[in-house]
Amino acid sequence: MRHISPKDAAELDATETREWLDSIDYVLQSGGPAKVARLLRELTLYAKQNGVTLPFTANTAYVNTIPADEQALMPGSPDIERRIKSFVRWNAAAMVVRANKAEEGIGGHISTFASAATLYEVGFNHFFRGRGDGDQTADVIYYQGHAAPGIYARAYLEGRIDETQLENFRRELKAGGGLSSYPHPWLMPDFWDYPSVSMGLSPLMAIYQARFMRYLEDRGLKPKTDAKVWAFLGDGETDEPESLGAITLPAREKLDNLIFVINCNLQRLDGPVRGNGQIIQELEAAFRGAGWNVIKVMWGREWDPILAKDRDGLLVKRMGEIVDGQYQKYSIESGAYLREHFWGVDPRLLDMVKHLSDDQLKKMKLGGHDPIKVYNAYKAAIEHKGSPTVILARTIKGYGLGEAGEGKNITHQQKKLNEDELRAFRTRFGVPISDAEIGHAPFYRPGADSVETKYMLERRAALGGPVPARRSRSQALPAIASEQFEEFHKGTDGRKASTTMVFVRLLSKLLRDKDVGRLIVPIVPDEARTFGMEALFRQVGIYAHSGQMYEPVDMDTLLYYKEASDGQILEEGINEAGSMSSFIAAGTAYATHGVNTIPFFIYYSMFGFQRIGDLIWAAADSRTRGFLLGGTAGRTTLAGEGLQHQDGNSHLFALAYPNCLPYDPAFAFEIAVIIEDGIRRMYVDQESIFYYLTVMNEQYEMPAMPDGVRDGILKGLYKFRASSTPGAKWRAQLFGSGAILPEVIKAQELLESQYNVGADVWSVTSYVQLYRDGHAADRWNMLHPGEAPKVPYVTQCLKEAPGVFVAASDYVKALPDSIDRWLPRPLEVLGTDGFGRSESRASLRDFFEIDHRYIVIATLGALARDGKLAPSVVQDAITALGVSADKLNPQVS
Ligand SMILES: Cc1ncc(C[n+]2csc(CCOP(=O)(O)OP(=O)(O)O)c2C)c(N)n1
Ligand SMILES: [Mg+2]
């Protein structure tokens with residue numbers, strides 16, 4: 001056989017490739033892209049059938065998804081838009097520089113917005129829909145938290161934020177008002193819609209927001225519109241599991257109302273996102289694999305003519321082989337360096353750019369900095385049907401900062417620019433500020449009748465008004481009929497029930513209420529059966545946009561698994577984070593969509609605050625309204641499930657969420673009172689609060705509501721049962737909550753019948769409410785020394801109460817301890833500090849020392865320490881009650 005030299009082989013390869021490409025060209029011209037695609041599919045199939053192994057790839061080449069010749073022309077004036085963008089850039093940087101001059105270390109970020117300015121400005125000028133035509137047509141936009149200065153800077157140019165506020169960036173307590181560091185609706189309720197700076201949460205929340213918009217439409221609570229949900233993310237942010245963890249849902253649900261824009265500046269805080277890889281390709285594969293429409297915006301218009309010359313795919317190949325760390329290096333290097341290192345690897349590549357100077361080479365923009373490319377990507381995204389879109393836009397971090405940080409690893413932290421750097425930045429973007437003034441980094445705002453101001457206001461008016469602009473007004477609901485709740489005040493007459501059963505019964509009643517029924521949004525993470533809610537499947541249906549495309553296996557039963565396009569339950573699967581995101585969407589719909597939906601999210605209590613606490617914090621910040629229900633709660637009340645499930649923590653965590661009202665109700669009437677009042681406060685009085693109720697699975701008789709306790713239930717404490725032997729030799733006050741209250745009642749009976757101690761029993765529905773009220777009074781007293789002191793509610797209840805004070809809780813001891821200081825005598829506390837166990841309820845309560853026997857022992861012990869009775873009485877009780885003094889300490893075992 002004739003020997004073929006390597007050179008000949010290469011030539012042969014090239015010729016072969018050429019011939020195939022020519023054939024494709026021919027089919028493309030004669031039959032169009034669809035025909036090419038069909039042929040390629042058939043070729044691939046044929047090759048596979050004949051033993052050719054093709055590696056799987058979900059990637060396309062390292063180029064723009066939208067070819068130059070398919071681009072639409074951009075409407076509007078590119079010149080004016082560029083000037084507006086420059087002013088926004090300048091003010092965004094100046095506010096950070098000035099804030100840090102005024103107050104060393106106050107922080108802020110310049111480089112994030114610097115890289116994202118075009119991505120936002122194209123949106124503001126051409127796409128983002130405001131609330132002018134009503135809440136229901138407006139887009140919902142999640143801004144990247146660190147880009148906040150740019151969003152403020154634009155609002156300043158639009159005249160919506162004044163100079164004092166800009167001056168007080170990150171100084172929210174200053175006179176004249178300031179601006180919060182990041183998007184926080186709690187702090188700026190007329191501006192920001194959603195918090196986004198805890199990375200990973202906004203993509204998750206955006207996904208569920210888009211789905212919730214569909215839910216509202218499908219259920220007839222909102223007209224169908226083409227409103228979009230936009231989520232702007234950082235590429236580094238996609239490392240958070242929450243960012244990508246739910247991306248299959250929007251594709252599955254065909255949410256073409258959802259658009260992610262990922263600012264791929266290839267850098268995060270410390271350095272490159274993927275120094276040795278390519279984050280854009282990685283994300284493309286992940287999103288395409290999940291079924292998204294992926295639009296890559298890689299290269300600016302300067303690259304188009306060169307790519308057009310790339311007949312052999314040499315440039316595309318070169319683009320695809322550079323790792324991100326190296327691309328970052330190119331971003332800080334000169335044109336000569338690029339010519340040598342990027343283009344210089346192949347003379348044919350060099351040849352493609354020989355007509356360009358080094359300076360021109362350097363100035364070839366990336367796609368994310370080119371308005372035409374970004375405009376076309378957004379246009380394609382909003383026109384795309386049938387799946388969500390992600391735009392992967394390549395940019396440079398700190399774009400325009402030059403020596404001060406552009407593309408450098410330190411750029412994320414850059415918040416100070418010296419005079420030279422400010423001057424260079426100003427000159428680069430042509431901001432009309434003189435050299436004399438530049439050192440002060442003055443803000444720049446053209447006059448109200450300038451071309452730029454008029455243009456931006458006209459554009460915003462055409463797009464439905466300013467964004468971001470949260471509406472804090474919403475229509476109050478009429479008061480809900482109290483008959484709905486009265487049944488629960490009666491007691492169960494000997495029948496046993498759990499508080500979970502009570503809640504579910506109340507929920508199903510509310511779902512039937514003619515006024516609020518359709519506004520209720522039950523949310524479950526695959527636990528409906530755990531909580532005995534399966535009857536609701538049939539009653540109101542499980543929401544599924546596409547209805548039920550199968551015959552459910554239990555179709556012939558009364559409570560079959562009914563999915564329906566107007567179903568009301570959000571069954572989120574095993575997904576507390578997603579469920580919480582739905583809770584936020586539903587609980588903020590009053591502001592976002594002008595719809596007062598009332599979410600009830602019920603979950604395993606251990607997987608709430610402990611697992612998704614940061615999302616609950618975001619809910620609090622977002623002014624979310626609704627009810628969280630921690631089911632199967634209580635360290636010792638949930639038997640058998642063991643250490644990971646048994647929750648003795650959640651009320652302590654809930655204490656730290658300022659606008660969350662946590663309750664640990666024991667009885668049906670307590671639940672009814674709390675929920676009735678909650679609906680009134682949140683939806684009639686429009687308070688920005690939300691509720692957390694623990695509900696348990698232990699069954700006991702529900703007593704009738706005593707007279708005059710409603711107020712105490714809500715405040716956190718009321719006397720449930722006074723002693724039947726108030727004249728007894730000794731006295732005690734016993735406190736219990738939730739499923740432990742029956743243990744306290746048992747202890748009361750034992751103390752009275754066996755030990756001559758007359759005990760009153762108090763239901764503590766909320767230690768946290770008592771704690772907050774106590775501190776509020778202390779604080780007021782501290783600041784008003786000359787006035788009559790306020791008396792905390794818990795003190796008012798107990799200051800005259802005789803005897804010793806003993807509390808038993810299914811939660812950590814810190815909870816009852818938190819009210820100790822407002823009692824006339826010290827509180828003996830029994831609680832469940834430590835790890836749970838797989839055990840029976842009785843054994844668990846013995847192990848954690850909180851059952852009726854320990855309450856008796858603790859009461860007698862306190863009386864003994866007071867000198868009321870001899871220690872031997874306590875010792876005898878310990879023996880008589882069968883308690884071992886040498887048992888393990890649950891707190892450390
Ligand atoms: C949950 C969370 N962890 C850490 C941070 C701190 N942090 C703020 S910005 C940042 C880097 C951001 O990089 P990237 O997402 O790529 O955004 P860029 O600024 O590059 O656009 C980090 C680590 C945070 N805000 N949230
Ligand atoms: Mg980044």
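Read the numbers this way: they start at 1 and go in the same order the structure lists the ligands and their atoms. Please read all numbers here as calculations on a predicted model, not as lab measurements.
Relative to the ring axis of Y399, R428 places its NZ or CZ within 45° and under 6.0 Å from the centre. Judged by the 6.0 Å distance and 45° axis criteria, R98 is not positioned over the aromatic ring of F169.
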Q: Applying side chain to side chain donor-acceptor pair (under 3.5 Å), run through Q328 and N409 and close with a yes or a no.
A: CA-CA 9 Å; Q328 188 189 343; N409 277 339; 2.9 Å; yes
(Q) ring-ring contact (aromatic ring centres under 6.0 Å, His included), that's the test. Do Y337 and F342 meet it? Break it down for me. (A) CA-CA 8 Å; Y337 181 96; F342 178 80; over 10 Å; no
Q: Kindly indicate, with the supporting measurements, whether the criterion side chain to side chain donor-acceptor pair (under 3.5 Å) is fulfilled by H412 and K397.
A: CA-CA 8 Å; H412 188 83; K397 190 149 179 168; 2.7 Å; yes
Q: Please report the C-alpha distance between Y692 and F609 in whole Å, then the side-chain angles of each, then the deciding distance to 0.1 Å, and finally whether the ring-ring contact (aromatic ring centres under 6.0 Å, His included) criterion is met.
A: CA-CA 10 Å; Y692 174 56; F609 282 91; 4.9 Å; yes
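Contact annotation for D235 and ligand 1: heavy atoms of both the backbone and the side chain come within less than 4.0 Å of the ligand. For H146, every heavy-atom contact with ligand 1 shorter than 4.0 Å involves the side chain, none the backbone.
Given atom 18 (P) of ligand 1, the protein heavy atom at minimum distance is K397 NZ, 3.2 Å. Atom 14 (P) of ligand 1 has G236 N, 3.6 Å as its closest protein atom, hydrogens excluded (heavy atom only). Given atom 3 (N) of ligand 1, the protein heavy atom at minimum distance is E240 OE2, 3.8 Å.
In terms of distance to the Mg ion (ligand 2), the nearest N, O or S atom of D235 is named OD1.
Applying side chain to side chain contact (heavy atoms under 4.5 Å, CB included) to D621 and the options S198, P195, P658 leaves one that passes, P195. With Y327 as the fixed residue, the side chain to side chain contact (heavy atoms under 4.5 Å, CB included) test singles out one of I280, I322, L366: I322.
Atoms of ligand 1 found under 4.0 Å from any heavy atom of H412 (numbered from 1 in listed order, with element): 9 (S), 10 (C), 11 (C), 12 (C), 19 (O). Within the listing of ligand 1, atoms 11 (C), 22 (C), 23 (C) sit less than 4.0 angstrom from a heavy atom of L269. Against a heavy-atom cut-off of under 4.0 Å, V197 is close to the following atoms of ligand 1: 24 (C), 25 (N), 26 (N). Residue Q144 approaches ligand 1 through these ligand atoms, each under 4.0 Å from one of its heavy atoms: 17 (O), 18 (P), 19 (O), 21 (O). Atoms of ligand 1 found under 4.0 Å from any heavy atom of N265, numbered from 1 in the order shown, are 18 (P), 20 (O), 21 (O). Residue T112 approaches ligand 1 through these ligand atoms, each under 4.0 Å from one of its heavy atoms: 18 (P), 19 (O), 21 (O).
In terms of N/O distances under 3.5 Å, ligand 1 is not approached by V273. Residue E237 has at least one nitrogen or oxygen atom sitting less than 3.5 Å from a nitrogen or oxygen atom of ligand 1, judged on distance alone. Polar contact check, Q267 against ligand 1: a nitrogen or oxygen pair lies under 3.5 Å apart.
A ring-centre distance under 6.0 Å is found for Y182 and H146. In summary, the aromatic rings of Y378 and H126 are positioned with their centroids too far apart to meet the 6.0 Å limit.
H109 does not count as a contact of ligand 1, since none of its heavy atoms falls under 4.0 Å from the ligand.
Between the Mg ion (ligand 2) and Q267 there is an N/O/S contact shorter than 2.8 Å. Metal site remark for the Mg ion (ligand 2): N265 contributes an N, O or S atom at a distance under 2.8 Å.
In this structure, W303 and K365 have side chains that are not in contact, with every pair of non-hydrogen atoms separated by 4.5 Å or more.
Note that atom 8 (C) of ligand 1 has protein non-hydrogen atoms nearby, at separations under 4.0 angstrom.
Within a 6.0 Å radius of CZ in R301, other residues, nucleotides and ligands contribute more than 12 heavy atoms.
For the residues E242, M199, R268, the heavy atom positioned nearest atom 2 (C) of ligand 1 is part of M199.
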